[in-house]
Amino acid sequence: MLPYYYGRIERTIALAREAQALLPGVACDATALATAAEARALARLGDLDSAEKAVAKTQQLAESLDMGTNDEAFRFTEKRLLLYLSGTLTYMGQTTRATRIQTEALGLYRQNPDIVIDPALIHLDAAIGHANDGVFDDACQLATDVLSQLPTEHRTTIVTARAKDVIKAIPEARRQLPSVTQLRELMASESSGSTP
């Protein structure tokens with residue numbers, strides 16, 4: 001996960017494939033998480049065919065798992081599957097599929113309001129989807145709302161990186177819209193350490 005957010009996405013793919021090679025053909029939390037990570041990274045790089053194959057493999061592995069409802073860090077739960085699918089489908093430009101997954105995921109996350117970052121990331125995926133669909137004001141408003149409502153201690157680099165992706169999804173010529181400016185200013189205040 002670290003190279004996906006903080007380094008080179010290609011490194012995420014290499015690590016995910018190495019992890020899968022350790023347990024070839026074995027359906028377990030680790031292989032499912034590795035294939036999900038690979039799918040999301042491939043989608044972000046624009047390798048849509050490979051990402052779709054990795055999605056199919058992830059779903060096949062997930063169907064073989066006893067996906068409990070606990071939220072242990074290294075368990076591959078249904079929520080975690082939906083979180084990864086949300087990002088993968090968003091970066092694949094498949095907004096309709098992503099929206100269905102996001103709605104389902106957010107419904108599950110509402111059952112445990114103590115988890116705040118994953119739902120924030122899913123909402124930011126939805127904002128990227130709005131931007132990809134040309135609904136720029138809605139994209140920026142959703143991202144602004146997510147950042148504004150997220151407790152300060154959870155406004156991590158992972159979250160702000162995804163918010164930056166909302167702006168990146170908007171064509172350069174449209175980045176002067178007031179909603180984009182508002183989001184950019186909020187992010188600048190976050191990075192300078194001041195409260196919004």
State, yes or no, whether a side-chain contact exists between [X] and [Y] at a heavy-atom distance under 4.5 Å.
X	Y	result
Tyr109	Val116	no
Phe76	Leu65	yes
Ile167	Lys164	no
Gln59	Val55	yes
Ile128	Arg162	yes
Thr31	Leu22	no
Arg40	Met92	no
Leu150	His154	yes

* To do: Answer yes if Leu33 and Leu23 sit in the same cluster of Ile, Leu, Val, Met, Phe, Trp and Tyr residues linked by side chain heavy atoms under 4.5 Å apart, and no otherwise.
  =>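 No, Leu33 does not connect to Leu23 through the hydrophobic network.
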Can you tell me how far apart [atom1] ([X]) and [atom2] ([Y]) are? Round to the nearest 0.5 Å.
X	Y	atom1	atom2	value
Ser189	Arg184	OG	CZ	13.5 Å
Ser179	Leu142	OG	CG	11.5 Å
Ile122	Leu85	CD1	CG	10.0 Å
Asp47	Leu42	CG	CG	5.0 Å
Thr88	Asp125	OG1	CG	8.5 Å
Asp137	Leu183	CG	CG	11.5 Å

With sequence neighbours excluded, what pairs up with [X] under the side-chain contact (heavy atoms from CB on, under 4.5 Å) test?
X	result
Ser64	Ala27
Glu10	Arg8, Leu45
Leu108	Glu78, Lys79, Leu82, Gln111

* Verdict with supporting geometry, Gln60 and Thr35, side chain to side chain donor-acceptor pair (under 3.5 Å) -> CA-CA 10 Å; Gln60 180 182 20; Thr35 59; over 6 Å; no
* Under the side chain to side chain donor-acceptor pair (under 3.5 Å) test, which residues partner Glu172, sequence neighbours left out? ->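 Residues passing side chain to side chain donor-acceptor pair (under 3.5 Å) with Glu172: Arg175.
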* Under the side chain to side chain donor-acceptor pair (under 3.5 Å) test, residues paired with Tyr91 that sit two or more places apart ->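 So Tyr91 forms a side chain to side chain donor-acceptor pair (under 3.5 Å) with Asp165.
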* Mark yes or no for whether Gln94, through its side chain, and Thr90, through its backbone, hold a donor-acceptor pair below 3.5 Å. => no
* Scan residues 107-120 for pairs that pass salt bridge (Lys or Arg N to Asp or Glu O under 4.0 Å), counting only residues two or more places apart or in two chains. =>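 Pairs touching residues 107-120 that pass the test: none.
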* List the steps, then state whether salt bridge (Lys or Arg N to Asp or Glu O under 4.0 Å) holds for Arg44 with Glu38. => CA-CA 10 Å; Arg44 194 155 167 211; Glu38 178 186 7; over 6 Å; no
* Asked: Can you list the steps and then say if Thr144 with Gln182 is a side chain to side chain donor-acceptor pair (under 3.5 Å)?
  -> CA-CA 8 Å; Thr144 298; Gln182 179 184 7; 4.9 Å; no
* To do: Compute whether any side-chain donor of one residue and acceptor of the other, for Asp145 and Gln141, lie under 3.5 angstrom apart.
  =>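 The answer is yes; a qualifying pair exists.
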* **Axial cation check for Phe136 ring with Arg174, 6.0 Å and 45° limits** => no
